[in-house]
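Throughout, residue positions are numbered sequentially from 1 according to the sequence presented. Only heavy atoms go into these numbers, but all of them, side chains included; no hydrogens, no water, no symmetry mates.
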Amino acid sequence: MNIFSYAYPDRLGDVAIVCRPGEAGSLLVEIADDGIPFNILTRDEPNLDTGIEERRIGGLGIFFVRQLVRRSATAGRERNILTLTFDPSPSVAVRAFKAVVR
């Protein structure tokens with residue numbers, strides 16, 4: 001994720017990642033840092049109506065994350081905390097990929 005590049009543009013910083021099993025076979029991933037706040041949940045969707053060659057660079061990583069997760073949430077006042085709940089189904093990933101490569 002770009003958190004590693006953009007959370008701390010002028011210095012090194014810590015990023016904590018915790019993975020644990022969730023309900024119904026899901027995977028919970030919690031990413032926390034003390035860097036510059038960035039909330040993927042507030043970003044615009046990329047324009048997928050144009051061909052991949054005509055699209056502007058950026059936003060597809062966030063799109064893929066949104067497609068692959070069942071739930072996402074942000075929290076924290078003193079730390080940035082992003083919690084993602086991933087489904088175990090590979091069909092979710094296939095749908096996300098097909099939406100981008102048309």
Side-chain angles (χ1 to χ4, degrees):
M1 296 182 90
N2 285 341
I3 189 171
F4 304 110
S5 299
Y6 298 113
Y8 304 102
D10 300 330
R11 62 184 172 90
L12 294 177
D14 293 326
V15 176
I17 301 173
V18 176
C19 300
R20 64 182 182 273
E23 56 191 48
S26 65
L27 171 67
L28 296 176
V29 178
E30 183 179 275
I31 304 165
D33 71 82
D34 297 313
I36 295 171
F38 179 81
N39 185 346
I40 69 166
L41 306 178
T42 62
R43 299 297 176 191
D44 292 335
E45 293 283 331
N47 181 359
L48 301 179
D49 294 329
T50 60
I52 198 163
E53 297 83 18
E54 292 88 40
R55 292 183 202 150
R56 70 175 191 83
I57 295 175
L60 288 181
I62 293 171
F63 172 80
F64 280 125
V65 168
R66 286 178 175 164
Q67 297 300 308
L68 294 173
V69 300
R70 181 186 325 155
R71 263 190 314 255
S72 55
T74 58
R77 292 183 184 264
E78 296 179 20
R79 297 197 85 196
N80 304 308
I81 302 171
L82 174 64
T83 303
L84 305 170
T85 304
F86 291 89
D87 270 326
S89 170
S91 65
V92 174
V94 171
R95 262 196 331 269
F97 180 74
K98 286 181 178 179
V100 173
V101 181
R102 295 189 225 182

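Legend: residues meeting side chain to side chain donor-acceptor pair (under 3.5 Å) with Asp34, ordered by chain and number and at least two apart, are Arg79. Applying the side chain to side chain contact (heavy atoms under 4.5 Å, CB included) criterion to Glu54, with sequence neighbours excluded, gives Thr50. For the side chain to side chain contact (heavy atoms under 4.5 Å, CB included) test, residues two or more places apart in sequence or in another chain that qualify with Arg20 are Val18, Leu28. Applying the side chain to side chain donor-acceptor pair (under 3.5 Å) rule to Glu23 yields no partners; only residues at least two apart in sequence or on another chain are considered. For Leu27, the side chain to side chain contact (heavy atoms under 4.5 Å, CB included) partners two or more places apart in sequence, or in a different chain, are Cys19, Val29, Phe86.
A single hydrophobic cluster is not seen to contain both Ile17 and Ile36; linkage of ILVMFWY side chains at heavy-atom distances under 4.5 Å, directly or through other members, places them apart.
Here the closest heavy-atom approach between residue Tyr8 and residue Val15 is recorded as CE1-CG2, 4.0 Å. When all heavy atoms are compared, the tightest approach of Asp33 to Ala7 is OD1-CB, 3.8 Å.
Here the CG atom belonging to Leu82 is positioned 5.0 Å from the CD1 atom belonging to Ile31, to the nearest 0.5 angstrom.
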